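Structure first, then comments.
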Amino acid sequence: MTESIWQGIYITCMALGALLFIAWSRQPRGVPASEYLIATAIPVWSGLAYLGLLLGQGTVEVDGQTTYYARYIDWAVTTPLLLTALALTAMFRQARKNYTLIGALIFSDLVMIGSGLVADLSTGSARTVWFLCGVVAFLIVLGLIWGPVRALAARDGADLKAVYDKSAGFLSVLWVAYPTIWALGPSGIDLLSQPVETALFVIVPVLSKVGFSIVDLSGLRGLRAVEAGRAAAV
């Protein structure tokens with residue numbers, strides 16, 4: 001399939017995802033409205049970024065290769081939102097949220113995204129240095145996800161921890177795919193062709209954005225349903 005077809009598929013998936021989360025927000029089942037707002041904002045913003053690509057915008061040639069800076073505009077907004085959603089899942093039963101921890105997640109994430117963009121715009125050894133900076137920031141993000149953030153979920157019950165672990169595991173696996181695709185694609189060692197990279201940067205983001213929010217919200221909605229059932233039994 002051509003690049004424009006893949007981009008059209010992506011935009012369609014983002015639109016359908018946004019409509020699904022809006023529909024779910026009409027029957028929140030005890031999940032805060034902010035969770036649905038975040039889930040909806042992610043595909044809307046990402047879909048707009050890819051619309052720019054479909055219209056021939058958001059790219060620049062660097063050293064004979066195409067850098068898709070529209071993707072970084074996408075990620076600079078959507079990845080902090082994804083991490084915020086995951087952190088709020090861990091803090092689901094806490095009245096006071098740990099915004100310091102959320103801020104640490106977002107800052108580390110933005111360093112990762114910024115380093116990736118600079119790497120894509122660089123040549124020679126500078127590209128490798130910036131890529132490695134992004135990898136270090138990514139490892140910090142993973143450390144926070146599976147360290148202090150997970151500890152918050154575990155503190156509030158095994159059932160919440162199970163929901164968090166499922167969402168965190170889903171997101172972590174998919175996020176590992178991003179630097180892997182980048183490293184294997186034209187920006188890295190050029191093992192993957194541009195069409196293959198384009199296809200992967202459609203499939204993986206659909207799963208990591210819409211797919212993650214479906215898994216995360218479904219878990220929280222199910223958790224509230226169980227809690228409501230227990231309350232009714234009492």
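Since this is a predicted model, take the numbers as computed values, not measurements.
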### Task
Answer with yes or no whether the hydrophobic clustering places I42 together with L51; edges join I, L, V, M, F, W, Y residues whose side-chain heavy atoms lie under 4.5 Å apart.
yes
### Task
Not counting sequence neighbours, which residues clear ring-ring contact (aromatic ring centres under 6.0 Å, His included) with Y10? List them please.
Y50
#### Entry: Side-chain (R127) to main-chain (S122) donor-acceptor, under 3.5 angstrom
yes
#### Entry: side chain to side chain contact (heavy atoms under 4.5 Å, CB included) partners for L88, two or more places apart
E35, I38, T84, K97, I102
### Task
Measure across L105 and A87 and return the closest heavy-atom pair with its distance rounded to 0.1 Å.
CD1-CB, 4.1 Å
### Message
Check for me, please, whether I22 and I214 land in the same ILVMFWY cluster - side-chain distances under 4.5 Å, paths through other members count.
### Response
no
### Minimum heavy-atom distance between P205 and M14, given as atom pair plus value
O-CE, 4.5 Å
### Message
Closer than 3.5 angstrom, by distance alone: can the side chain of S172 be matched with the main-chain N or O of A168 as a donor-acceptor pair?
### Response
yes
### Message
If the condition is ring-ring contact (aromatic ring centres under 6.0 Å, His included), which residues does Y72 pass it with, not counting sequence neighbours?
### Response
W75
### Query
How would you list, by chain and number, every residue that makes a ring-ring contact (aromatic ring centres under 6.0 Å, His included) with Y68, sequence neighbours excluded?
none
### Query
For A154, does its backbone N or O pair with a side-chain atom of Y164 as donor and acceptor, under 3.5 Å?
no
### Task
Tell me, with the steps shown, if T79 and W175 meet side chain to side chain donor-acceptor pair (under 3.5 Å).
CA-CA 10 Å; T79 56; W175 274 26; over 6 Å; no
### Task
Could you pull out the closest heavy-atom pair between A85 and D216, with the gap in Å?
O-OD2, 3.8 Å
### Task
List for me each residue that meets side-chain hydrogen bond (donor to acceptor under 3.5 Å, both in side chains) alongside S34, sequence neighbours excluded, and say none if there are none.
none
### Task
Might you point out which heavy atoms bring Y36 and F21 nearest each other, and give the distance in Å?
CD2-O, 3.8 Å
### Hydrophobic cluster membership, Y178 vs V111, 4.5 Å side-chain cutoff
no
### Task
Go through W6 and T2 one step at a time and tell me if the side-chain contact (heavy atoms from CB on, under 4.5 Å) criterion holds.
CA-CA 7 Å; W6 278 113; T2 64; over 6 Å; no
#### Entry: E197: side-chain hydrogen bond (donor to acceptor under 3.5 Å, both in side chains) partners, not counting sequence neighbours
Q194
### Task
Please test L82 against F212 for side-chain contact (heavy atoms from CB on, under 4.5 Å), starting from the C-alpha separation and ending with a verdict.
CA-CA 8 Å; L82 287 165; F212 165 79; 3.4 Å; yes
### Query
At their closest point, which heavy atom of S4 faces which heavy atom of L54, and how far apart are they?
O-CD1, 3.5 Å
#### Entry: Residue that, paired with Y69, satisfies side chain to side chain contact (heavy atoms under 4.5 Å, CB included) out of V60, V62, L121
V60
### Query
Does S46 use its side chain to pair, donor to acceptor, with the backbone of P43 at less than 3.5 Å?
no
#### Entry: Check against salt bridge (charged side-chain N to carboxylate O under 4.0 Å, His left out), K209 and D74
CA-CA 11 Å; K209 294 182 176 70; D74 169 6; 3.7 Å; yes
### Message
Using only atom types and a distance under 3.5 Å, with no angle test, would you say the side chain of R93 pairs donor to acceptor with the backbone of G157?
### Response
no
### Message
Can a donor-acceptor pair be found, under 3.5 Å and without considering hydrogens, that links the side chain of R150 to the backbone of K161?
### Response
no
### Message
For a quick test of reading the model, state the closest non-hydrogen atom pair linking V149 to L101 and the distance between them.
### Response
CG2-CD2, 3.6 Å
### Task
Assess whether side-chain contact (heavy atoms from CB on, under 4.5 Å) is satisfied between T40 and S25, documenting all intermediate values.
CA-CA 9 Å; T40 303; S25 70; over 6 Å; no
### Query
Out of curiosity, does M112 fall in the hydrophobic cluster containing F107 (side-chain heavy atoms, cut-off under 4.5 Å, transitive links)?
no
### Query
Does V206 share a hydrophobic cluster with L16, counting links as ILVMFWY side-chain heavy atoms below 4.5 Å and allowing steps through other members?
no
### Task
Quickly, which of D156, L86, N98 forms a side chain to side chain contact (heavy atoms under 4.5 Å, CB included) with M91? Name it, please.
N98
### Query
So, does T67 use its side chain to make a donor-acceptor pair with the main chain of D120 at under 3.5 Å?
yes
